[in-house]
Asks: 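Before we start, here is the structure in question, set down as structure tokens.
The chains referred to below are lettered A, B, ... by the order of the sequence lines, with proteins before strands, and numbering in each begins at 1.
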Amino acid sequence: MLRIILQVVGVIVLIPLVTIATLRIDNQDADGPSILFPGGELVSGELYTGHEPDWSFTDDVPTIELQLVDPLSSRTIFVMESDGKVYIPSGYMRSVLGRIWKDWAFQADAGDGLAVARIKGVRYERQLIRVMDGEVMAGVAAKLAQKYSGGETPEAVAAIRKSVADGDTWIFEMAPRDGASL
Amino acid sequence: MKTKNYLMFCAGLSVVLVVSLLYVPSLSDTVEQYMLFFLSTNAR
């Protein structure tokens with residue numbers, strides 16, 4: 001009886017392990033991420049050069065692809081425009097699963113933050129800078145609530161601002177790289 | 001099930017799973033959607 005139970009448990013454990021390993025390996029060198037698993041370098045798409053674009057077009061963009069330069073991997077993330085600048089969030093930062101799932105955010109914060117974002121097929125070379133400024137956060141939280149939390153209600157905005165203040169959600173500005181044209 | 005047969009069963013199941021994920025259209029996307037939902041609900 002114990003043998004049967006252990007064999008059943010073994011199969012139950014095997015299925016998710018094989019699934020995760022397969023999807024992870026299949027995507028790791030792909031041109032961009034899948035829904036959940038990180039991909040490789042973003043190579044296709046026009047590389048944007050010139051003046052800082054009007055980021056308001058991202059209001060209609062639900063997710064973008066973001067690739068860190070070091071370490072080289074890409075993932076799908078949310079995007080928000082606020083006051084002419086563009087931001088990305090990373091949630092669940094204080095949970096155990098989050099620390100595994102959102103490793104890119106820790107790497108960006110600890111490293112140089114150099115990144116490439118692909119939005120509607122166009123690549124933008126950016127630098128991720130973590131933001132904690134209260135005034136900036138007001139607009140970012142409002143846009144985050146409006147796009148991804150069902151509406152810009154006072155409760156939703158307050159919850160997001162609390163999540164950022166508590167460290168559960170990190171916000172990065174996708175700033176121009178040093179020396180880039182403005 | 002004897003150990004040898006069990007291991008062969010697990011190996012065969014793994015092969016079927018890998019081939020299905022790689023070659024059945026939309027299966028990997030569906031699986032990832034469920035995993036994303038699970039993480040979003042439990043990564044707190």
Asks: Between atom CG of L36(A) and atom CZ of F38(B), what is the distance when rounded to the nearest 0.5 Å?
Replies: 11.5 Å
Asks: Need one label for L6(A): side chain, backbone, both or neither, based on atoms under 4.5 Å from any heavy atom in chain B.
Replies: backbone
Asks: Rounded to the nearest 0.5 Å, what separates atom NZ in K2(B) from atom CD in Q7(A)?
Replies: 12.5 Å
Asks: So for atom CZ, which belongs to R24(A), do other residues, nucleotides or ligands contribute more than 12 heavy atoms lying within a distance under 6.0 Å?
Replies: no
Asks: Within this structure, what is the CD-OG1 distance for the pair E32(B) and T19(A), rounded to the nearest 0.5 Å?
Replies: 10.5 Å
Asks: If you take all heavy atoms of L23(A) and S28(B), which pair is closest and at what distance?
Replies: CD2-CB, 3.5 Å
Asks: Let me see the working for L39(B) and Y92(A) under side chain to side chain contact (heavy atoms under 4.5 Å, CB included), right down to the final yes or no.
Replies: CA-CA 9 Å; L39(B) 282 172; Y92(A) 314 104; over 6 Å; no
Asks: Is any side-chain heavy atom of I15(A) closer than 4.5 Å to a side-chain heavy atom of L13(B)?
Replies: yes
Asks: Does the side chain to side chain contact (heavy atoms under 4.5 Å, CB included) test come out yes or no for I20(A) and M35(B), once each step is laid out?
Replies: CA-CA 10 Å; I20(A) 291 170; M35(B) 292 177 70; 3.5 Å; yes
Asks: With the 4.5 Å side-chain cut-off for hydrophobic clustering, are I5(A) and V11(A) part of the same group?
Replies: no
Asks: Give, as side chain, backbone, both or neither, the part of V31(B) having an atom under 4.5 angstrom from any heavy atom of chain A.
Replies: side chain
Asks: According to a 4.5 Å side-chain heavy-atom criterion applied to Ile, Leu, Val, Met, Phe, Trp and Tyr, with indirect links allowed, do V24(B) and L17(B) form part of one hydrophobic cluster?
Replies: yes
Asks: Under a 4.5 Å cut-off applied to non-hydrogen side-chain atoms, are D26(A) and L22(B) in contact?
Replies: yes
Asks: If you draw a 6.0 Å radius around NZ in K120(A), do more than 12 non-hydrogen atoms from other residues or ligands fall strictly inside?
Replies: yes
Asks: Ignoring hydrogens, what is the shortest heavy-atom contact between I35(A) and D29(B)? Give both atom names and the distance.
Replies: CD1-O, 3.7 Å
Asks: With a 4.5 angstrom heavy-atom cut-off, which part of L17(A) approaches chain B: side chain, backbone, both or neither?
Replies: neither
Asks: Select one option (side chain, backbone, both, neither) describing which atoms of T3(B) are under 4.5 Å from chain A's heavy atoms.
Replies: both
Asks: Hey, any chance F172(A) and L72(A) share a hydrophobic cluster, counting ILVMFWY side chains that come within less than 4.5 Å of each other, even indirectly?
Replies: no
Asks: Is it the case that more than 12 heavy atoms not belonging to D59(A) sit under 6.0 Å from its CG atom?
Replies: yes
Asks: Flag yes if I129(A) and F78(A) sit in one hydrophobic cluster, no otherwise; membership is Ile, Leu, Val, Met, Phe, Trp, Tyr, and two members link when side-chain heavy atoms are under 4.5 Å apart.
Replies: no
Asks: Would you say V79(A) and V116(A) are hydrophobically clustered, going by side-chain heavy atoms of ILVMFWY under 4.5 Å?
Replies: no
Asks: Taking side chain as everything from C-beta outward and backbone as N, CA, C, O, which of these in L36(B) sits under 4.5 Å from a heavy atom of chain A? Side chain, backbone, both or neither.
Replies: both
